[in-house]
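Single-structure report; data block below.
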Amino acid sequence: MTDATGTADPKDPATSAERRKTARVRWVAGGAVALALLFAGAAAVASAREDGSAPRPAGAPAPDSADAGFARDMAVHHQQAVEMSFIVRDRTENEDVRRLAYDIANTQANQRGMLLGWLDLWGLPKVAGGDQPPMAWMGGGEGDGGHEHGGHQPDRGSDGVLMAGMASRAELERLARLDGRQAEVFYLQLMTDHHQGGVAMAEACASRCAVPVEQRLAQGMVEGQQSELGLMRDMLTERKARPRS
């Protein structure tokens, strides 16, 4: 419906429906981009030389360096954030949560592609050797530099939990079963834990990594995810909930 000037009436139900349709199309298009990046990363992993014997350019980081460890671990960490964001997209119609999930999915899929691309450039395997646990590059006896955040951290290595902040397989399955407000709250809680773990990893790279462009990316992750942590805290408060940790 249009008014006397020929402009669409924003109150008209047909106009609102069209806007919702446009938003869904954008989600699908953005999802295609994110999935393409994830599949590209998976293909790179499949084709990588697991023994790390591929020729490496002069000056490339060592396989056990902070630069290599951060790139490998954060690529895995980011992949789960993208997965959780796609799950909640289908479990709620709330535009604020869907917008946040869209931003996280696209940002972290793009960053993941960069991290895997650097490993390719450096001639390094995408998967660490069996004797090098996740987060070992951060230092500290547990391989995490002592960076623990919050009171809700499942045992690492249990039920798919590899690094600080990551959700377990059971938690991902639970998120996929929830709807509406319950799905929103649980997603915001899971992503808060996830960001807290990610910030600790990114801070460690910003101080330990030697490649300037990777340090800058890590610092950008710290700033971006800290901002989103504040936003998620406010969104939980609006839903009369709070972070788990």
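Owing to the predicted nature of the structure, the values given are computational and were not obtained by experimental measurement. Quick note: residue numbers are just sequence positions, from 1.
Looking at S207, its side chain does come within 3.5 Å of a backbone N or O of A204 through a donor-acceptor pair. Formation of a donor-acceptor pair under 3.5 Å by the H194 side chain with backbone atoms of Q80 is not found in this model. With hydrogens and angles disregarded, a donor-acceptor distance shorter than 3.5 Å links the side chain of R91 to the backbone of A176. A donor-acceptor distance shorter than 3.5 angstrom exists from the side chain of D67 to the backbone of A210, with no hydrogens or angles considered. At least one donor-acceptor pair closer than 3.5 Å links the side chain of S85 to the backbone N or O of A81. Between the side chain of Q108 and the backbone N or O of A105, no donor-acceptor pair lies under 3.5 Å.
Taking every heavy atom of both residues into account, R72 and L124 meet most closely at NH2-CB, 4.4 Å. When all heavy atoms of V88 and A183 are compared, the closest pair comes out as CG2-O, 4.0 Å. Here the shortest heavy-atom pairing between R112 and H78 reads N-CD2, 4.0 Å. Shortest non-hydrogen contact noted between P57 and G123 is CD-N, 4.4 Å. The shortest non-hydrogen separation linking P134 to L162 is CB-O, 3.8 Å. In this structure, A71 and W122 approach most closely via the heavy-atom pair CB-CZ3, 4.5 Å.
Atoms CZ and CZ, on F186 and R181 in that order, are 13.5 Å from each other to the nearest 0.5 Å. The CZ atom of R244 lies 11.5 Å from the CG atom of L188; values are rounded to the nearest 0.5 Å. In this structure, the separation between CD on E95 and OH on Y102 is 12.5 Å, given to the nearest 0.5 Å. With rounding to the nearest 0.5 angstrom, the CE atom of M166 is 8.0 Å from the CD atom of Q79. Interatomic distance, CG of L116 versus CE of M74, reported as 12.5 Å (0.5 Å rounding). Rounding to the nearest 0.5 angstrom, the gap separating the CG atom in L175 from the CD atom in E83 is 9.5 Å.
Residue R242 qualifies as open at atom CZ: its count of foreign heavy atoms under 6.0 Å is 12 or below. Heavy atoms of other residues, nucleotides or ligands lying less than 6.0 angstrom from CD of Q182 number 12 at most.
Pairs engaging residues 67-112 under the disulfide (SG to SG under 2.5 Å) rule: none recorded [sequence neighbours left out]. Residue pairs that meet the disulfide (SG to SG under 2.5 Å) test with at least one member in residues 180-245, sequence neighbours left out, are C205-C209.
Seen from the ring of F70, R208 does not count as a face-on cation partner, given the 6.0 Å and 45° thresholds.
For the residue pair R99/N94, the side-chain donor-acceptor check at 3.5 Å is not satisfied. There is no side-chain donor-acceptor pair under 3.5 Å between W137 and D64. Using modelled atom types and a 3.5 Å distance limit, the side chains of S245 and D193 yield a donor-acceptor pair. If you check the side chains of T92 and Y187, you find no donor sitting under 3.5 Å from an acceptor.
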### Task
Output, in order, the C-alpha distance, side-chain angles, deciding distance and verdict of side-chain contact (heavy atoms from CB on, under 4.5 Å) for M221 and V199.
CA-CA 7 Å; M221 289 179 185; V199 166; over 6 Å; no
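Here the side chains of P125 and L119 are not in contact, with every heavy-atom distance at 4.5 Å or above. The side-chain heavy atoms of W118 and L217, taken from C-beta on, include a pair separated by under 4.5 Å. For the pair M138/M201, a side-chain contact is recorded, criterion being any heavy-atom separation below 4.5 Å from C-beta on. Counting heavy atoms from C-beta outward, R216 and V213 have side chains that approach closer than 4.5 Å. Contact check for T107 versus Q111: side-chain heavy atoms found under the 4.5 Å cut-off. Side-chain atoms of K126 and D120, non-hydrogen and from C-beta on, do get closer than 4.5 Å to each other.
Of the residues listed (R239, K240, R98), the one engaging E184 in a salt bridge (Lys or Arg N to Asp or Glu O under 4.0 Å) is R239, and it is the only one.
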Could you list the donor-acceptor pairs under 3.5 angstrom formed by side chains in residues 228-237, with sequence neighbours left out?
from	atom 1	to	atom 2	distance (Å)
E228	OE1	H195	NE2	2.6
T237	OG1	R233	O	3.0

